[in-house]
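Structure, as structure tokens:
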Protein chains: 2
Amino acid sequence: MTDELLRALADPTRARIVELLAAEQLCVCHLVELTGATSSNLSNHLRVLRGVGAVEAEPAGRFTYYRLRPEVLEVVSAHYAGLASRARLALVVKRPCD
Amino acid sequence: MTDELLRALADPTRARIVELLAAEQLCVCHLVELTGATSSNLSNHLRVLRGVGAVEAEPAGRFTYYRLRPEVLEVVSAHYAGLASRARLALVVKRPCD
DNA sequence: TCGTTGCATCAGCGCGTGCTGACATCACCG
DNA sequence: CGGTGATGTCAGCACGCGCTGATGCAACGA
């Protein structure tokens with residue numbers, strides 16, 4: 001669970017990409033029309049998502065299909081679930097000020 | 001699940017604050033010594049976390065205690081769990097190019 | 001009551017980062 | 001083979017945003 005992964009997923013445009021890829025595999029041309037962003041813009045964002053392992057690319061002729069990597073999303077989900085669980089226990093603990 | 005919430009939690013300093021608050025309630029003076037950040041810096045970050053409902057403040061005399069709101073973290077966890085779940089199904093769906 | 005301490009707020013600065021546009025590359029099709 | 005379209009890369013710019021330092025304020029203690 002790196003900060004980098006969380007930051008990658010927290011960007012609005014990239015979050016939108018992840019939402020779209022959660023429904024079906026898409027190539028960049030689909031993402032262009034679905035998001036309204038330019039292709040170079042999307043290409044940059046997709047590189048970030050690839051860099052943190054959130055998506056993987058599958059070249060298919062002229063096109064490039066992208067799909068999510070569910071395990072990575074599950075790691076993030078488990079991270080926040082663990083925090084939430086510990087946070088419940090922490091509600092009854094209060095460190096004294098001196 | 002707003003982008004704002006995700007962005008708030010994805011910042012490294014704020015993520016550190018959340019980690020610390022997942023163990024016990026702390027006042028700002030504790031966070032100052034635990035993180036090494038300045039109090040005004042922390043105050044700014046805590047305002048952001050309050051703004052998205054991730055933490056709540058409890059004034060106690062001169063001090064201000066902060067605690068996490070586990071429900072919010074659970075919402076985030078569930079959000080990513082849902083994405084992961086849908087992403088698994090999406091692996092067998094591929095939208096054709098044209 | 002006055003000084004101290006913990007915390008919040010704000011303006012200003014500087015850096016990180018997202019967006020753009022131009023270019024390169026590669027695959028397909030005529 | 002040339003043309004076209006899909007994608008990736010990069011430099012440059014602009015804006016957002018985190019950090020800082022000064023200030024204000026409220027609560028406690030001497």
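All chains are named by letter (A, B, ...) in the order of the sequence lines, taking the proteins before the strands, and each is independently numbered beginning at 1.
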Heavy-atom closest pair (A/P59 atom, A/A57 atom, distance to 0.1 Å) is CD-O, 3.9 Å

Which of residues 1-17 of chain A sit near DNA chain D, with a heavy atom under 4.0 Å from it? none

Validation row: A/D11, A/R7 side chains within 4.5 angstrom (heavy atoms): no

Residue closer to the 5' end of DNA chain D, B/C97 versus B/A60 (nearest nucleotide): B/C97

Atom of A/R95, atom of B/H30 and distance for their closest heavy-atom approach: O-CE1, 3.1 Å

For B/R50 and C/dA8, is the shortest distance between a side-chain N/O and OP1 or OP2 below 4.0 Å? yes

So, does A/H45 get its side chain near the phosphate of C/dT17, meaning an N or O under 4.0 Å from OP1 or OP2? no

Whole angstrom is fine here: how far is it from CG in A/L31 over to P in D/dT7? 9 Å

Expressed in angstrom and rounded to an integer, what is the separation of A/E58 atom CD from C/dA27 atom C1'? 16 Å

Any donor-acceptor pair under 3.5 Å between the side chain of B/S40 and the base of D/dG21? yes

From CG of B/L46 across to C1' of C/dA8 the rounded distance in Å is 10 Å

In terms of side-chain heavy atoms, does A/R50 have a donor or acceptor partner in A/Y66 at a distance below 3.5 Å? yes

What integer distance in Å separates B/R62:CZ from D/dA30:C1'? 12 Å

Does any non-hydrogen side-chain atom of A/T13 lie less than 4.5 Å from one of A/T35? no

Regarding A/C27, tell me which of base, sugar-phosphate or nothing describes its non-hydrogen contacts under 4.0 Å with the strands shown. sugar-phosphate

Which whole-number value in Å describes the distance from A/L49 CG to D/dT7 P? 16 Å

Does B/T38 place a side-chain N or O at less than 4.0 Å from the phosphate oxygens OP1/OP2 of D/dT20? yes

Nearest to the side chain of B/N44 - C/dC7, C/dC10, D/dA27? C/dC10

Check this for me: does any side-chain nitrogen of one of A/E74 and A/R69 sit under 4.0 Å from a carboxylate oxygen of the other? no

Starting from C1' on D/dT7, measure out to CG on A/L26 and report it in whole angstrom. 15 Å

Are B/E58 and B/R67 ion-paired here, with the side-chain N under 4.0 Å from a carboxylate O? yes

Once you round it to whole Å, what is the distance between P of C/dA8 and CZ of B/F63? 13 Å

Roughly how many Å is it from CG in A/N41 to P in C/dT17, rounded to a whole number? 16 Å

Of the listed nucleotides (C/dC10, C/dC19, C/dC28), which one gets closest to any side-chain atom of B/R47? C/dC10

Consider the side chain of A/T64, meaning its heavy atoms from C-beta on, and name the nucleotide among D/dC10, D/dG8, D/dA6 that approaches it most closely. D/dG8

Can you identify which nucleotide, out of C/dA8, D/dA27, D/dT7, has its nearest atom closest to the B/Y66 side chain? C/dA8

Under 3.5 Å, is there a donor on one side chain and an acceptor on the other for B/R14 and B/H45? yes

Closest to the A/S39 side chain: C/dC7, D/dT7, C/dC19? D/dT7

